[in-house]
Amino acid sequence: MADIYYNYINGKWVSSCTNETFESINPANTEEVLGYFQQSNEEDVELAIASAESAFESWSKTAVPTRGDVLFNLIQLLQEKKDELAVIITKEVGKSLREAKGEVQKTIEAMKQFSGEATRLTGETVPSHKSDIFAYTVREPLGVVGVIAPYNFPLGIGIWKIAPAIIAGNTVIFKPASNTSLISVKIIEMFEEAGVPAGVINMVTCPGGVIGNAIGNHPKIKAVSFTGSTDVGLALGKAVSTRGAKMQAEMGGKNPSIILEDVNIDETVENLVISGFWDNGQRCTGTSRVIVLRSIAKELTEKLVSRAKRLVIGDGFGENVDNGPVVDEGQLNTYLSYVNSAIEEGAILEFGGKRLTDNGLDKGYFVAPTIFSNVTKDMTIFREEIFGPVIGITTVDSYEEALELANESDFGLSSTIYTNDLKKAFHFVRNIESGVTHVNIPSNYFENQYPFGGKKASSIGPREQGSTALDFWTDYKTVYIKP
């Protein structure tokens, strides 16, 4: 029987007030239960908040470089446990071991970046109009804050949010995605081993929106950072902002890749596979809309189909596996529903569009990488985020038409143009409505030392990571002194 795991409150592993649990299963083999986790409720949130409140006074007064030492210790732990963490990610999320190892490495790189923020928690000194007044600003922590993480990068995003929050001096209530609760337990264990005092980070697990709603509506939680779907993020943001707290949300994307006639098609196809198919398209920055010039559309489609056929789909631990299963049955059904709607609305299924069940895959949630052509702007597949390995190809007659279609979306997270025309590339960069953009690079490429976030319905609040990492987690205080 699988192990039972607990909430983490005030430095201790404790049962939930409900005394009930839920299970996390391996999406590659639904017969394998990875663990049983606490089915928490609002009372558990209250206990976590009381713990965080109690710890805040001491932690917020701890010297910032001392708080930063935690991240130096965490880097070492991540490196030591790299293989163990990758195995858990592959088992819980379903991604290939290759991609799971990549997530751990990206997390290590992020911590190297964040660890330096402890000495960059700066204010400013500005001359006063009065010669006898000295004035400056300082940045102070907010108090108790909430972190709500998604399943697609459970190690990376969980740590990317918690780390700057505690470096800034806040104390945290952490709510992980229920289907990635095991890797979240490991996150807490590493922070504890890295030297985080009791009460500074508290974790409460539960499927559904019970804990998220409790965090969003609680008057003692001063800020909430969320990554997940746009519908949930907007509702949560409304609740948080209505009571005057701060909200940061990274949400959906429907990211376009424009392909002009002067590209190397073979290289472009490889980039589309990376951005559209790897991780089963379960990346908020992944390419789902390909907008291509008519003169090369047929060749591009044929080569993309040929490449998709060569992708290896199987258990993430298998040799040379490109994609494992999607994360759960709900995501499988979402994928199948969008495939059906695309066919009904007139898109042409070029490849994929089905659940895979041969060779033992029937035990998991495996799906084929999928390509549709003849996709128009009025189709559901063009407008709505699928979060699956589905690329829709739309044909246009000019760059100008391509740009107009790229911007015709409620989302504005990431984008790419493939071209060797420097003038068009810079025009695209200036005019595309997305928070992250690329030229001749997959739409999901990122580095932690740069700010990350989107426009329109893709983001709320200040950017994450890079030079902006601490902006959301602090308030400015302006000080005037007359000796």
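- Using modelled atom types, no side-chain atom of Thr394 and backbone atom of Ile291 make a donor-acceptor pair closer than 3.5 Å.
- The backbone N or O of Asn213 sits less than 3.5 Å from a side-chain atom of Asn217, completing a donor-acceptor pair.
- Heavy-atom minimum distance, Pro462 versus Met247: CD-O, 4.3 Å.
- Side chain of Thr468 to main chain of Gln465: a donor-acceptor pair is present (N/O by atom type, distance under 3.5 Å, no hydrogens or angles).
- Judged by distance alone, the side chain of Glu92 and the main-chain N or O of Leu182 form a donor-acceptor pair under 3.5 Å.
- Remark: side-chain polar atoms of Ser337 are not paired, donor with acceptor, to backbone N or O of Thr334 under 3.5 angstrom.
- Taking the six-membered ring for Trp and thresholds of 30 and 60 degrees, Phe37 and Phe22 have ring planes inclined between 30 and 60 degrees apart.
- With 3.5 Å as the limit, one finds no donor-acceptor pair spanning the side chains of Tyr36 and Gln38.
- With respect to Asp322, the salt bridge (Lys or Arg N to Asp or Glu O under 4.0 Å) criterion is satisfied by exactly one of Lys95, Arg307, Arg98: Arg98.
- Looking at Ile259 and Leu293, their side chains never come closer than 4.5 Å, going by heavy atoms from C-beta outward.
- The minimum heavy-atom distance linking Glu408 with Arg289 is given by the pair O-NH1, 4.0 Å.
- Side chains of Asn420 and Asp262: no donor on one and acceptor on the other come within 3.5 Å.
- Residue Glu404 places its CD atom among 12 or fewer non-hydrogen atoms of other residues, nucleotides or ligands, all under 6.0 Å distant.
- No side-chain N or O of Thr370 forms a donor-acceptor pair with one of Lys354 less than 3.5 Å apart.
- Of all the heavy atoms in Ala163 and Phe191, the pair that sits closest is N-CZ, 4.4 Å.
- Residue Lys161 qualifies as enclosed at atom NZ: its count of foreign heavy atoms under 6.0 Å is above 12.
- Residues Lys175 and Ile215 come closest through the heavy atom pair CB-CD1, 3.9 Å.
- Phe317 is listed as a side-chain neighbour of Thr90, based on a closest heavy-atom distance under 4.5 Å.
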Subject >> Working for salt bridge (Lys or Arg N to Asp or Glu O under 4.0 Å), residues Arg120 and Glu117 >> reply: CA-CA 5 Å; Arg120 290 192 287 266; Glu117 294 302 312; 2.8 Å; yes
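- By the 4.5 Å heavy-atom criterion applied to side chains, Asn448 and Lys106 are counted as neighbours.
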Subject >> Chi angles and distances behind the side chain to side chain contact (heavy atoms under 4.5 Å, CB included) call for Val367, Leu356 >> reply: CA-CA 5 Å; Val367 302; Leu356 302 177; 5.6 Å; no
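- Between the side chains of Thr416 and Ser443, not a single donor N or O lies within less than 3.5 Å of an accepting N or O.
- For Asn407 (side chain) and Asn431 (main-chain N/O), a donor-acceptor pair under 3.5 Å exists by modelled atom type.
- Side-chain contact, Ser414 with Thr285: no donor N or O sits under 3.5 Å from an acceptor N or O.
- Donor-acceptor pairing under 3.5 Å is lacking for the side chains of Gln39 and Thr21.
- Using a 3.5 Å distance cut-off with no hydrogens or angles, the side chains of Gln331 and Tyr365 do not pair a donor with an acceptor.
- Counting heavy atoms from C-beta on, the side chains of Ile393 and Leu304 come closer than 4.5 Å.
- Environment of CG in Asp362: crowded, with over 12 heavy atoms of neighbouring residues, nucleotides or ligands closer than 6.0 Å.
- For the residue pair Ser409 and Lys254, no side-chain donor N or O sits within less than 3.5 Å of a side-chain acceptor on the partner.
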**OP:** Could you give me the CA-CA distance, side-chain angles and deciding distance for Arg243 and Ile221, then say whether side chain to side chain contact (heavy atoms under 4.5 Å, CB included) is met?
**Re:** CA-CA 10 Å; Arg243 61 181 180 80; Ile221 293 184; 3.9 Å; yes
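- When atom types are taken as modelled, the side chain of Glu23 and the backbone of Gly35 share no donor-acceptor pair closer than 3.5 angstrom.
- Between Glu109 and Lys112 there is no salt bridge, since no side-chain N of the basic residue sits under 4.0 Å from a carboxylate O of the acidic one.
- Side chain to side chain, Ser459 and Glu250 meet the donor-acceptor criterion of an N or O pair below 3.5 Å.
- Taking 4.5 Å as the limit, every side-chain heavy atom of Asn41 sits out of range of all side-chain heavy atoms of Ser16.
- The backbone N or O of Ser225 lies less than 3.5 Å from no partner atom in the side chain of Lys246, so there is not a single donor-acceptor pair.
- In the model, Ser434 has no side-chain atom that pairs as donor or acceptor with a side-chain atom of Asn255 under 3.5 Å.
- Counted by atom type alone, Asn152 and Gln282 present zero donor-acceptor pairs between their side chains at under 3.5 Å.
- Ring orientation note: the planes of Trp160 and Phe153 are close to parallel, at an angle under 30° on the 30°/60° scale.
- Two residues are said to be in side-chain contact when any heavy atoms from C-beta on lie closer than 4.5 Å; Val204 and Phe174 fail this criterion.
- More than 12 heavy-atom neighbours from other residues, nucleotides or ligands sit within 6.0 angstrom of NZ on Lys303.
- Across every non-hydrogen atom of Ala100 and Ala86, the tightest pair is CB-O, 3.4 Å.
- Interatomic distance, CE of Met111 versus CG of Leu78, reported as 7.5 Å (0.5 Å rounding).
- The closest side-chain donor-acceptor pair between Ser288 and Glu385, if any, does not fall under 3.5 angstrom.
- Side-chain atoms of Phe372 and Val390, non-hydrogen and from C-beta on, do get closer than 4.5 Å to each other.
- Contact annotation: the side chain of Leu300 approaches that of Leu272 to within less than 4.5 Å [non-hydrogen atoms, C-beta and beyond].
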Original post:
Which is it for Val321 and Asp315 under the side chain to side chain contact (heavy atoms under 4.5 Å, CB included) test, yes or no, and what are the steps along the way?
Top reply: CA-CA 7 Å; Val321 165; Asp315 189 297; 5.9 Å; no
Subject >> Working for side chain to side chain contact (heavy atoms under 4.5 Å, CB included), residues Phe411 and Thr230 >> reply: CA-CA 9 Å; Phe411 300 106; Thr230 295; 3.2 Å; yes
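- The two residues Thr287 and Ser257 make their nearest non-hydrogen contact at OG1-OG, 2.9 Å.
- A salt bridge links Asp397 with Arg294: at least one charged nitrogen is closer than 4.0 Å to a carboxylate oxygen.
- Salt-bridge annotation for Glu32 and Lys363: absent, with no side-chain N of the basic residue lying under 4.0 Å from a carboxylate O of the acidic one.
- Asn280 places no side-chain N or O within donor-acceptor distance of the main-chain N or O of Gly388, the cut-off being under 3.5 Å.
- Of the possible polar contacts, none joining the His438 side chain to the Ile417 backbone as a donor-acceptor pair under 3.5 Å is found.
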